[in-house]
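Only one structure is covered here, and it is reproduced in the block below.
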Protein chains: 2
Amino acid sequence: MDNVIDQSGILAISTRLQRLSDALRKEGQLIYQSFGIQFEPKWFPVVYTLHLKTSMSVVEIANEIGYAHPSTISLLKELEKQQIIKSKKDKTDERKRLIVLTTKGKALVDAMKPVWNNMEKALVQIADNKNNLMEAIIEAEEKLKESSFLVRSQKIRQ
Amino acid sequence: MDNVIDQSGILAISTRLQRLSDALRKEGQLIYQSFGIQFEPKWFPVVYTLHLKTSMSVVEIANEIGYAHPSTISLLKELEKQQIIKSKKDKTDERKRLIVLTTKGKALVDAMKPVWNNMEKALVQIADNKNNLMEAIIEAEEKLKESSFLVRSQKIRQ
DNA sequence: TAAATTTATGTAGGAAACTACGTAGATTTG
DNA sequence: CAAATCTACGTAGTTTCCTACATAAATTTA
């Protein structure tokens, strides 16, 4: 609480969330490196999803990870370049591309499991305090689903 | 908790933080609009800082709001274009630019005070749950200051 | 079953932050 | 006090997401 933005409190919450997100992602990158693994934190949602669900279309992945589909497409392009995933046309629906992990991708996931385990422990240290950050995020998202920031603002205004 | 990323839990925390940040910023924009005020949420840190501290250099503002200085410079450019701030050379140090709110900028701040008040109430509704999001952020940032994500990872690894 | 609509994917470009690097003025040091 | 270093500011380009729009295939409807 030593600068103006901290003092302005909750109004700068969007900025604070982003700052923290950036810091964790950048350090995540360094941790993968320290384990000698070539993997970027931004790839995690796609790869984690595919490792659980085997074969999915682009839009299915996008919905699953909560991203817009063009963002997902660009992640998939990077992962295809790294030969972590591959895709084939869906035979029953010509519009769809079915995405799967390659053999290399599956091996990478196995190699990353201890890293994920390690990161998870470190993240629990960081996020589990008097207030649990992950739970706080989930609770806030639930509140937003109930009634958006805008709608709440309008109700308060009346 | 209805998709894979929610289930993957804390490993996707960076993604979750960013998603929430984006959602709040976008809705913040709509709220300013709904009050008929032409103001962008990203300008808040700079303007709020200047409204408290009167006259500051570029780097002072950047440090105060916790941004890199080039980010601050581009915000200042936008604010100057909107005639919300203006700048003049520091006479005692030719390198420095002293930034101040214009008359229009000060009037805008006064007009925004009720909006900020309204937003604050809505944000408290959203963020204050079993776990308080703002406090959770502050606590997590304090933990990171004590010892970074990377260092914690390395200690756990041993 | 042809026309309208919906769904899946893709491209282009934007937003809000960042890092890397360069220059010029101020300060410190040998 | 000249040289080296530091500080302030600026530009260029990057990152990681987004929205808007386009096209083609599938599905629904009249």
Side-chain angles (χ1 to χ4, degrees), chain A residues 5 12-30 39-47 55-80 85 87-99, chain B residues 5 12-30 32 39-47 55-81 85 87-99:
Chain A
I5 287 313
I13 196 168
S14 168
T15 287
R16 300 291 296 272
L17 288 166
Q18 193 173 333
R19 198 197 294 180
L20 190 50
S21 167
D22 274 23
L24 292 175
R25 191 173 15 74
K26 277 172 194 160
E27 286 209 78
Q29 210 158 9
L30 296 178
F39 193 77
E40 308 218 6
K42 68 174 161 178
W43 295 339
F44 175 79
V46 171
V47 170
S55 164
M56 301 176 81
S57 76
V58 174
V59 168
E60 278 168 4
I61 295 171
N63 290 338
E64 203 65 32
I65 69 178
Y67 280 16
H69 81 270
S71 313
T72 306
I73 288 170
S74 88
L75 291 174
L76 289 172
K77 266 187 193 154
E78 292 177 26
L79 288 165
E80 198 148 22
I85 62 123
S87 65
K88 52 174 189 254
K89 271 236 168 337
D90 184 330
K91 277 162 198 164
T92 65
D93 187 338
E94 282 289 310
R95 296 168 306 175
K96 283 188 187 172
R97 249 173 80 198
L98 292 180
I99 317 292
Chain B
I5 287 314
I13 197 169
S14 168
T15 288
R16 300 291 295 274
L17 287 165
Q18 192 173 336
R19 200 196 293 179
L20 189 51
S21 168
D22 273 24
L24 292 174
R25 190 173 16 76
K26 277 171 194 160
E27 286 208 79
Q29 211 158 9
L30 297 178
Y32 283 117
F39 193 77
E40 308 218 5
K42 67 174 162 179
W43 295 338
F44 175 79
V46 170
V47 170
S55 164
M56 299 175 81
S57 76
V58 174
V59 169
E60 276 167 5
I61 295 172
N63 290 338
E64 203 64 32
I65 68 178
Y67 280 17
H69 82 269
S71 314
T72 307
I73 288 171
S74 89
L75 292 174
L76 289 172
K77 264 187 195 155
E78 291 178 28
L79 288 165
E80 197 148 22
K81 201 170 174 185
I85 61 125
S87 65
K88 53 173 188 252
K89 271 239 169 330
D90 185 330
K91 277 162 196 162
T92 65
D93 187 339
E94 283 287 311
R95 295 168 307 174
K96 283 189 188 173
R97 248 173 82 199
L98 293 180
I99 317 293

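Letters A, B, ... mirror the listed sequences (proteins, then strands); counts begin at 1. Remember, predicted model here, so these are calculated numbers, not experimental data.
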**Nearest to side-chain heavy atoms of A/K42, which nucleotide of C/dG10, D/dT16, C/dA16** = D/dT16

**Nearest-0.5 Å distance, CG of residue B/L24 to CG of residue A/L17** = 6.5 Å

**Request:** From the options D/dA26, D/dG10, C/dC18, select the nucleotide whose nearest atom is closest to the side chain of A/D93.
**Result:** D/dA26

**Fill in**
Walking DNA chain C from its 5' end, the first of A/P70 and A/D22 to be reached, judged by nearest nucleotide, is A/P70

**Request:** Name the nucleic acid region contacted by B/K89, choosing base, sugar-phosphate or nothing; use a 4.0 angstrom heavy-atom cut-off, strictly under.
**Result:** nothing

**Message:** Both A/Q29 and A/T92 contact DNA chain D. Taking the nearest nucleotide for each, which residue is further toward the 5' end?
**Reply:** A/Q29

**Prompt:** Is any side-chain N of the basic residue among A/D22 and A/R25 closer than 4.0 Å to the acidic one's carboxylate O?
**Reply:** yes

**Complete:** Closest of D/dC9, C/dT9, C/dG25 to the A/R97 side chain is C/dT9

**Asked** How close do B/Q18 and A/S21 get, heavy atom to heavy atom, and via which atoms?
**Response** CB-OG, 3.7 Å

**Message:** Which nucleotide wins on minimum distance to the side chain of A/I73, given the candidates D/dT11, C/dC18, C/dT9?
**Reply:** C/dT9

**Asked** In terms of side-chain heavy atoms of A/H69, which of C/dA26, C/dT9, D/dC17 is nearest?
**Response** C/dT9

**Asked** Which one, D/dC17, C/dT9, C/dA16, comes nearest to the side chain of A/Y67?
**Response** D/dC17

**Prompt:** Is A/S57 touching bases, backbone alone, or none of the nucleic acid, heavy atoms closer than 4.0 Å?
**Reply:** sugar-phosphate

**Asked** Should B/K81 and B/E40 count as an ion pair when the cut-off is N to O under 4.0 Å?
**Response** no

**Request:** Among the candidates D/dA25, D/dT16, C/dT9, find the nucleotide nearest to the side-chain atoms of A/K96.
**Result:** C/dT9

**Message:** Looking only at the side chain of B/R95 (C-beta and beyond, no hydrogens), which of the listed nucleotides C/dA17, D/dT7, D/dC9 gets closest?
**Reply:** D/dT7

**Complete:** Against the side chain of A/V59, the closest entry in C/dT9, C/dC18, D/dC18 is C/dT9

